[in-house]
Protein chains: 2
Amino acid sequence: MISTRGRYALRMMIDLAERQGEGFVALKEIAESQDISKKYLEQIIPLLNRSGLLLTSRGVTGGYRLAKAPEEYTVGEILRSAEGSMAPVSCLEGSTNDCPRCGKCDTLPIWEGLQTVVDQYLDGISLADILRSKTEKG
Amino acid sequence: MISTRGRYALRMMIDLAERQGEGFVALKEIAESQDISKKYLEQIIPLLNRSGLLLTSRGVTGGYRLAKAPEEYTVGEILRSAEGSMAPVSCLEGSTNDCPRCGKCDTLPIWEGLQTVVDQYLDGISLADILRSKTEKG
DNA sequence: TACTGTGTCAATAGGTTTAATAGACAATTC
DNA sequence: GAATTGTCTATTAAACCTATTGACACAGTA
């Protein structure tokens with residue numbers, strides 16, 4: 001289940017992608033246009049920032065903008081940054097599997113396959129794809 | 001993220017599938033062989049039972065067995081029974097979407113696609129498939 | 001320089017969920 | 001009727017989710 005952290009992060013990134021060329025956009029504007037608590041978004045931003053997804057400007061004319069072109073962001077990378085991990089089970093988080101049953105686990109291959117399927121799907125969608133389907137629809 | 005409810009349920013169903021022909025298997029045996037708290041499994045069983053996945057026998061020789069052949073169970077159906085829902089976002093739970101942003105939501109198509117991909121993967125694996133890959137491995 | 005609007009960071013809190021544990025009760029067999 | 005099984009309800013400790021609050025740092029502008 002994807003929490004509001006990931007969903008809000010994605011909506012914010014889409015909003016910023018739509019406003020490319022407007023320079024830095026204040027968080028207040030994003031929060032209002034997306035109808036999300038600004039204070040809560042504040043907590044999500046560091047998660048995106050430390051992955052280098054955003055550019056920041058401080059001061060009265062400050063705000064955020066995308067660090068790359070919309071084509072270069074995948075939904076998967078955004079969600080993984082915000083959620084910390086998209087692993088379907090905890091033993092697939094991190095680089096090593098610490099589960100004591102790991103060697104004889106009958107279900108592990110299922111979770112590994114699920115993770116592959118999910119990652120392939122989410123990494124196959126870019127921010128640009130989302131903008132494209134928006135203009136097609138409306 | 002799949003919780004222990006779903007993971008334990010799946011492991012229990014695999015255990016029962018391996019013991020087909022042994023008649024009714026006591027929960028105590030399953031809990032011990034899978035190293036899962038028997039009392040916790042007790043709570044998961046009603047979730048599987050109300051979906052008709054198990055046959056029950058009470059009394060001193062009682063226990064559980066599969067209601068169908070292993071080929072007829074999919075991993076998806078077991079997980080959905082135990083977890084309640086495999087929807088990636090809450091607005092896709094249930095039959096109607098009550099989200100007020102539903103009509104203009106840019107991200108909804110992404111979650112719908114994710115759900116489709118996940119369901120197709122999980123419903124493509126049967127308990128018999130899991131037993132098969134076990135014997136192949138050793 | 002003082003002011004104002006921005007981002008940054010830490011702490012807190014209410015609610016829900018998770019993962020159990022415990023105990024009373026019901027059914028069945030020997 | 002004693003023992004062993006399943007069934008049901010309640011309780012709990014910990015974690016997590018979803019914010020909210022407030023103090024602080026920074027950068028333009030008057």
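In what follows, chains carry the letters A, B, and so on, assigned in the order in which the sequence lines appear, proteins first and then strands, with residues in each chain numbered from 1. Note: hydrogens, waters and symmetry copies are ignored here, and every other heavy atom, side chains too, is used.
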Does a side-chain N or O from [X] land closer than 4.0 Å to OP1 or OP2 of [N], or not?
| X | N | result |
| --- | --- | --- |
| A:Ser3 | D:dT18 | yes |
| A:Thr4 | D:dC17 | no |
| A:Tyr64 | C:dT8 | yes |
| A:Ser57 | C:dT6 | no |
| B:Tyr8 | C:dA20 | yes |

Between [options], which nucleotide gets closest to the side-chain atoms of [X]?
| X | options | answer |
| --- | --- | --- |
| B:Gln43 | C:dG23, C:dT4, C:dA20 | C:dA20 |
| B:Arg58 | D:dT21, D:dA27, C:dA27 | C:dA27 |
| A:Asn49 | D:dT20, C:dT8, D:dT5 | C:dT8 |

Does the side chain of A:Asp129 pick up a donor-acceptor pair with the side chain of A:Ser126 at under 3.5 Å?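 Side-chain D/A pair, A:Asp129 to A:Ser126: present.
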Going by atom types alone, do A:Glu77 and A:Ser51 pair a side-chain donor with an acceptor below 3.5 Å?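 Side-chain D/A pair, A:Glu77 to A:Ser51: absent.
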Residue of the set B:Arg65, B:Arg132, B:Lys134 for which salt bridge (charged side-chain N to carboxylate O under 4.0 Å, His left out) holds with B:Glu18: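 When salt bridge (charged side-chain N to carboxylate O under 4.0 Å, His left out) is applied between B:Glu18 and each of B:Arg65, B:Arg132, B:Lys134, only B:Lys134 qualifies.
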Looking at B:Leu66, B:Leu131, B:Leu127, which one forms a side-chain contact (heavy atoms from CB on, under 4.5 Å) with B:Gln20?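 Testing B:Gln20 for a side-chain contact (heavy atoms from CB on, under 4.5 Å) against B:Leu66, B:Leu131, B:Leu127 leaves exactly one candidate, B:Leu66.
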Start at the 5' end of DNA chain C and walk down; is the nucleotide closest to A:Val60 or to A:Pro46 reached first?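 This one resolves to A:Val60.
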Return the 5'-most residue of the pair B:Leu41, A:Lys38 with respect to DNA chain C, ranking by each residue's nearest nucleotide.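 Nearer the 5' end of the strand: A:Lys38.
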Round to the nearest Å and state the distance from [X] atom [atom1] to [N] atom [atom2].
| X | N | atom1 | atom2 | result |
| --- | --- | --- | --- | --- |
| A:Ile30 | C:dT6 | CD1 | P | 12 Å |
| A:Ile45 | C:dT6 | CD1 | C1' | 12 Å |
| A:Leu48 | C:dG7 | CG | P | 14 Å |
| A:Leu47 | D:dC17 | CG | C1' | 14 Å |
| B:Leu55 | C:dA27 | CG | P | 19 Å |
| B:Lys39 | D:dT5 | NZ | P | 13 Å |

Is B:Glu42 salt-bridged to B:Lys39, going by a charged N under 4.0 Å from an acidic O?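 Here B:Glu42 pairs with B:Lys39 in a salt bridge, since their nearest N and O are under 4.0 Å apart.
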Reading DNA chain D from 5' onward, which residue's closest nucleotide shows up sooner: A:Thr61 or B:Glu42?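 The 5'-side residue here is B:Glu42.
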Side-chain-base donor-acceptor pair under 3.5 Å for B:Arg5 and C:dA19: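 There is none.
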Give the angle between the helix axes at the two ends of the helix from C:dT1-D:dA30 to C:dC30-D:dG1, taking five base pairs at each end and rounding to 10°.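 Comparing the first five pairs with the last five, the axes sit 0° apart.
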Compute the ring centroids of B:Tyr8 and B:Tyr40, then answer whether they are less than 6.0 Å apart.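 Here the rings of B:Tyr40 and B:Tyr8 have centres that are less than 6.0 Å from each other.
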Students often get this wrong, so: under 4.0 angstrom with heavy atoms, is A:Gly59 touching a base, only sugar-phosphate, or nothing?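 If one applies the 4.0 Å heavy-atom cut-off, A:Gly59 turns out to touch a base.
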Report yes or no: does B:Glu83 contribute a side-chain atom to a donor-acceptor pair with the main-chain N or O of B:Gly6 at less than 3.5 Å?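 Pair found, side chain donor or acceptor close to backbone of B:Gly6.
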Return the minimal non-hydrogen interatomic distance between B:Leu54 and B:Tyr64, and the atom names on each side.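 Closest pair (atom of B:Leu54, atom of B:Tyr64, distance): CD1-CD2, 4.2 Å.
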